[in-house]
Amino acid sequence: MATRGKKMVERVTGLMDKPTLIRNIGICAHIDHGKTTLSDNLLGGSGMISMDLAGKQLFMDFDEEEQARGITINAANVSMVHEVGGEEYLINLIDTPGHVDFGGDVTRAMRAVDGAVVVVDAVEGTMPQTETVLRQALRENVKPILFINKVDRLINELKIEKKDMPIRLAKVIDHVNKLVRNMSPEHYEKDGWKLDAAKGTVCFGSALYKWAVSIPSMKASGIGFNEVYDYCKSGNMKDLALKSPLHSVLLDAVVHHLPNPLEAQKRRIPVIWRGDKESKVGKDLMTANPNEEIVFMVTKILTDPHAGEVAVGRLFAGTLARGQELYISGTATTNRVQSVAISMGADRVEVEKIPAGNIAAVTGLRDAIVGSTGSTVREMTPFEAIKHVSEPVMTVA
Ligand code: GDP
């Protein structure tokens with residue numbers, strides 16, 4: 001792997017046991033609103049792939065060897081580091097399928113994250129799948145922030161006037177807020193999840209041209225809507241991307257406004273897990289305790305030509321390491337953990353251990369399917385009821 005990649009691994013592993021510095025996020029959007037372009041851009045900005053390549057590549061294949069071999073990668077997750085105010089944060093980005101057909105997958109991916117960046121095309125506005133993903137997020141107690149994408153199109157294709165730009169953007173925010181309020185008045189009113197540009201929970205930009213602004217970023221950089229308009233109009237978005245880079249503006253918002261796993265699990269476990277919150281393991285889940293039993297939920301199974309099946313998911317409690325025996329929900333057997341790894345672009349990088357609050361890629365869990373819970377607790381209440389086709393249907397409480 002390139003040196004750049006190696007350094008990144010050290011930075012990532014150094015942050016894994018500091019949950020207050022972790023953000024587990026998903027990007028979700030109606031199809032074509034720019035989720036893929038945005039994901040690539042964030043990776044480029046975090047030094048995982050070169051900025052020039054970001055956006056041109058179809059996915060997160062930063063490893064040169066993989067590129068040379070022309071392997072198409074279905075990267076499920078990626079870890080990256082972002083600095084805010086002199087402090088480094090670990091951002092685990094989990095791929096959330098954006099299509100309605102994959103409703104179940106969206107739910108599982110949402111279960112692994114604590115916050116969501118909802119992407120909405122500035123020209124199209126909210127669409128049916130925007131509603132679907134937003135509903136899933138709110139149901140899972142996942143806090144949303146908003147990224148209004150393709151703002152360049154408002155200016156260069158729709159040719160709206162400068163004065164109309166903030167009005168148009170405000171309309172998109174209003175629509176999203178209406179949805180949030182209708183779906184969950186409680187989150188909207190009580191938790192303060194109303195999207196508010198002034199607070200910084202809304203960013204505006206262009207994933208394709210790699211720039212973004214938010215009200216806080218405008219104050220810091222002096223690049224406001226007027227400047228954005230002029231840069232776009234004059235076709236000089238390269239300079240705009242240097243002065244107000246998308247990855248930096250958006251990841252600042254992620255760090256400031258989306259919860260860390262400690263805050264999130266306290267609030268989310270009562271909603272996503274049906275076990276006894278007062279039990280020992282219930283308390284460990286609520287506090288993301290890394291020192292006791294392991295509770296791991298599988299959100300995706302990948303096939304690796306060398307390692308075979310890789311179970312990717314969220315570790316809610318305990319610390320994963322090679323050699324551990326885990327009970328897999330819905331089966332009567334245990335599976336031995338063969339390796340634990342983090343995802344860095346296309347690469348899985350094996351590490352010694354992964355503590356609670358992180359996303360892990362695990363080999364050896366041969367009985368696990370998407371949705372399985374792997375735990376050191378024999379009678380662990382799983383995160384969802386699972387029917388294994390190879391066995392008689394088991395009812396799990
Ligand atoms: P996804 O389906 O949500 O993953 O969307 P993609 O990232 O594949 O983007 C869909 C299309 O919109 C592609 O042709 C992108 O190049 C284009 N696109 C994405 N972001 C922007 C943007 O900020 N401005 C413009 N003009 N086009 C964009």
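Counting starts at 1 for both ligands and their atoms, following the listed order.
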- Message: Counting only heavy atoms and a distance below 4.0 Å, can you name the residues contacting ligand 1?
- Response: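 Near ligand 1, by chain and number: H30, I31, D32, H33, G34, K35, T36, T37, N149, K150, D152, R153, S206, A207, L208.
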- With sequence neighbours excluded, residues passing salt bridge (charged side-chain N to carboxylate O under 4.0 Å, His left out) with D121: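 For D121, the residues satisfying salt bridge (charged side-chain N to carboxylate O under 4.0 Å, His left out) (neighbours in sequence not counted) are K150, R153.
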- Item | From CA spacing to verdict: ring-ring contact (aromatic ring centres under 6.0 Å, His included), F147, F204 | CA-CA 6 Å; F147 177 60; F204 314 87; 8.7 Å; no
- Of the non-hydrogen atoms in N24 and I94, which two are nearest, and what is the gap between them?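 Between these two residues, the closest heavy atoms are CB-CD1, 4.5 Å.
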- Task: Heavy atoms only: give me the nearest P259-R23 pair and the separation to one decimal.
- Result: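 What the structure gives for the nearest pair is O-CD, 3.6 Å.
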- Electrostatic pair K178-D174, nearest N-O below 4.0 angstrom: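 Salt bridge absent between K178 and D174.
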- Any salt bridge between R11 and E88, counting N to O under 4.0 Å?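 A salt bridge is present here (some side-chain N lies under 4.0 Å from a carboxylate O).
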